[in-house]
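Just below is one structure, and these are the notes that go with it.
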Amino acid sequence: MLTINLIREKKEFIIERLKIKNFEAEEIINKILALDLSRREIQSKTGLLQSDMNRISKEIGGMIKEGRKSEADSAREKTYSLKEEIKSLDDKLMPIENELRNEIIRLPNLPHISVVPGYGADNNIKVREGGIIPALPDSALPHWDLIKKYDIIDFDLGIKLTGAGFPVYKGKGAKLERALISFFLDEGVKAGYTEMMPPIMVNEDSGFGTGQLPDKEGQMYNVGLDGFYLIPTAEVPVTNIYRDVILTADQLPVKNVAYTPCFRREAGSWGAHVRGLNRLHQFDKVEIVQIAHPENSYRSLEEMVNHVESLVSGLELPYRIMRLCGGDMSFTSALTYDFEVWSAAQKRWLEVSSVSNFESFQANRLKCRFKEKGDKQTRLVHTLNGSALALPRIVAAILENNQKDNGIRIPAVLVPYTGFDKIT
RNA sequence: GGAGAGAUGGGUGAGUGGCUUAAACCAGCAGUUUGCUAAACUGCCGUAUGGGUAACUGUACCGGGGGUUCGAAUCCCCCUCUCUCCGCCA
């Protein structure tokens, strides 16, 4: 959510920047500015009236104490019209404030200066790539066949227990899953992140804090009886730790890493391109989150990109890093790098991580601020997060890329975690 | 799930309708003094929003939301959470 001050001061700049995201902001901004103006008018009027009211009330108190009863009564008469005036202004203020907020949250975050215009994945810019794409024989199998062949992930069993998109990991499949989670967490801790294990259900306030609510309600599972939501990503609980918090500058950057299961309703299509592990309702993910000083947040972003890169290259997966164009970026992001790994049997790139700087956009919603030592003024922090990493597509790529006649080879860095170097 | 007690600033904690401009203490910050791993003293010490170049200043906020009243931290209603006891339970 953009700050009202920025909208007030840099209207034209915002309109220009949002064109990069293919967003026409002028109409909304004009509406916001008009609402903001009447909000301030009403507020300063009520302030004055309240001030009168407070003064008179205090005087009445004094009169009563001194026994000047008739004077007190006539002063009391005077307050009635004041009180009514205040009430009618208050009644006007509430809907204006609500509408103002509703309009402001419709504005996407401003893209960083380096973001290029564009309408989709075709306009994304390849930053760099790494790893070696394996040459597989024509007989190579996609992962949905491999998991059946080696009996390591069972979709049908998941359908029996819950429904489509809730796989059961079995035997070496389950062990591989656990190994990846441990590997990702350990690497995060080595890189200076603090490991967190948050709740996987959150309340409405948290859903609002990171922007899932009120708009994207349908994307989360709702635990109706208690009003909780199953988290779509650890970003939600971990970032909300800092909701309504004022940090000191020397606490920044805050670096947290968390593993959680993630739940996504994703009511959309379930065609061939989302077969197997490509899209699930429940999956495992390790997430990294940073709360950074505004002046250092892009350094944090680079650091996070390098960290994720070390994970995919550690797993010996062919990958590329894309800097997203305006049209392909999320509503809340200022700059996003996507990581894709090559899935050799599907013969396509799979998105496995998205690393973003949200600048102060999330922080404004969260009311997460910091103070410089000795400074009276609070400022909004910058928040960043990234997957490090989401498991299913990593598993898909490992299975497909490493298939041999005699089984599936496990990347060397995982062997200490799995205890086996081959799935047979 | 049942019964009772609570929720006040960074912390402890006073405050049952106007003498509160939320006391006091602790922590923190700045300074003075004495001198040496510290003590004493003085001052400052919440957030948001409006006005002002600024000094300063208006307003709101005592878990959240409504209400009563000229006036609410204080009284009433609803909600959330915490603690104690009982019940249930990995």
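First the proteins, then the strands, lettered A, B, ... as listed; each starts at 1.
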Atom-to-atom span, [atom1] of [X] to [atom2] of [N] - whole angstrom:
X: A:Leu366; N: B:rU47; atom1: CG; atom2: P; result: 19 Å
X: A:Arg365; N: B:rA48; atom1: CZ; atom2: P; result: 19 Å
X: A:Ile246; N: B:rG9; atom1: CD1; atom2: P; result: 14 Å
X: A:Leu247; N: B:rG46; atom1: CG; atom2: P; result: 18 Å
X: A:Asp205; N: B:rG65; atom1: CG; atom2: C1'; result: 13 Å
X: A:Arg243; N: B:rG63; atom1: CZ; atom2: C1'; result: 14 Å
X: A:Arg55; N: B:rU59; atom1: CZ; atom2: C1'; result: 15 Å
X: A:Leu93; N: B:rU59; atom1: CG; atom2: P; result: 16 Å

Categorize A:Thr46 for me: base, sugar-phosphate, or nothing, with a 4.0 angstrom heavy-atom threshold over every strand shown. nothing
Separation between the [atom1] atoms of [N] and [M], rounded to whole Å:
N: B:rA60; M: B:rU21; atom1: C1'; value: 15 Å
N: B:rG43; M: B:rU47; atom1: C1'; value: 23 Å
N: B:rC61; M: B:rA24; atom1: P; value: 23 Å
N: B:rA23; M: B:rA73; atom1: C1'; value: 13 Å
N: B:rC85; M: B:rU12; atom1: C1'; value: 26 Å
N: B:rU59; M: B:rC77; atom1: P; value: 31 Å
N: B:rG4; M: B:rC78; atom1: P; value: 14 Å
N: B:rU20; M: B:rA72; atom1: C1'; value: 12 Å

Who pairs with [N] - Watson-Crick or G-U, where each distance is under 3.5 Å:
N: B:rA7; answer: B:rU80
N: B:rU74; answer: none
N: B:rU69; answer: none
N: B:rU49; answer: B:rG58
N: B:rU21; answer: none
N: B:rG35; answer: none
N: B:rG43; answer: B:rC29
N: B:rU16; answer: none

Quick one: pull up CG in A:Leu391 and CZ in A:Phe184 and give me the separation to the nearest 0.5 Å. 5.5 Å
Parallel, tilted or perpendicular: which one describes the rings of A:Tyr221 and A:Phe263, with boundaries at 30° and 60°? perpendicular
I'd like to know if [X] and [Y] make a salt bridge, using a cut-off of under 4.0 Å between side-chain N and carboxylate O.
X: A:Lys148; Y: A:Asp145; answer: no
X: A:Glu303; Y: A:Lys255; answer: yes
X: A:Glu85; Y: A:Lys45; answer: no
X: A:Arg40; Y: A:Asp36; answer: yes
X: A:Arg55; Y: A:Glu59; answer: yes
X: A:Asp91; Y: A:Lys87; answer: yes

For B:rU47, does either OP1 or OP2 sit under 4.0 Å from a side-chain N or O belonging to A:Lys367? no
What does the B/S/- profile of nucleotides 49-58 of chain B look like, 5' to 3', with a 4.0 Å heavy-atom cutoff to protein? SSS------S
Each nucleotide of nucleotides 69-83 of chain B classed B (base within 4.0 Å of a protein heavy atom), S (only sugar-phosphate) or -, in 5' to 3' order, makes BBS------------
Are the ring centres of A:His382 and A:Tyr298 closer than 6.0 Å? no
Do A:Ser354 and A:Asp338 pair up side chain to side chain, a donor and an acceptor below 3.5 Å, judged on atom types alone? yes
Within 45° of the six-membered ring axis of A:Tyr259 and under 6.0 Å from that ring's centre, is NZ or CZ of A:Lys285 located there? no
Would A:Arg365 count as a cation-pi partner of A:Phe208, with NZ or CZ less than 6.0 Å from the six-membered ring centre and within 45° of the ring normal? yes
Please pick, from B:rA60, B:rG46, B:rA48, the nucleotide with the shortest atom-to-atom distance to any side-chain atom of A:Arg369. B:rA48
Closest-nucleotide mapping onto RNA chain B: is A:Gly62 or A:Gln377 further toward the 5' terminus? I mean the 5' end. A:Gly62
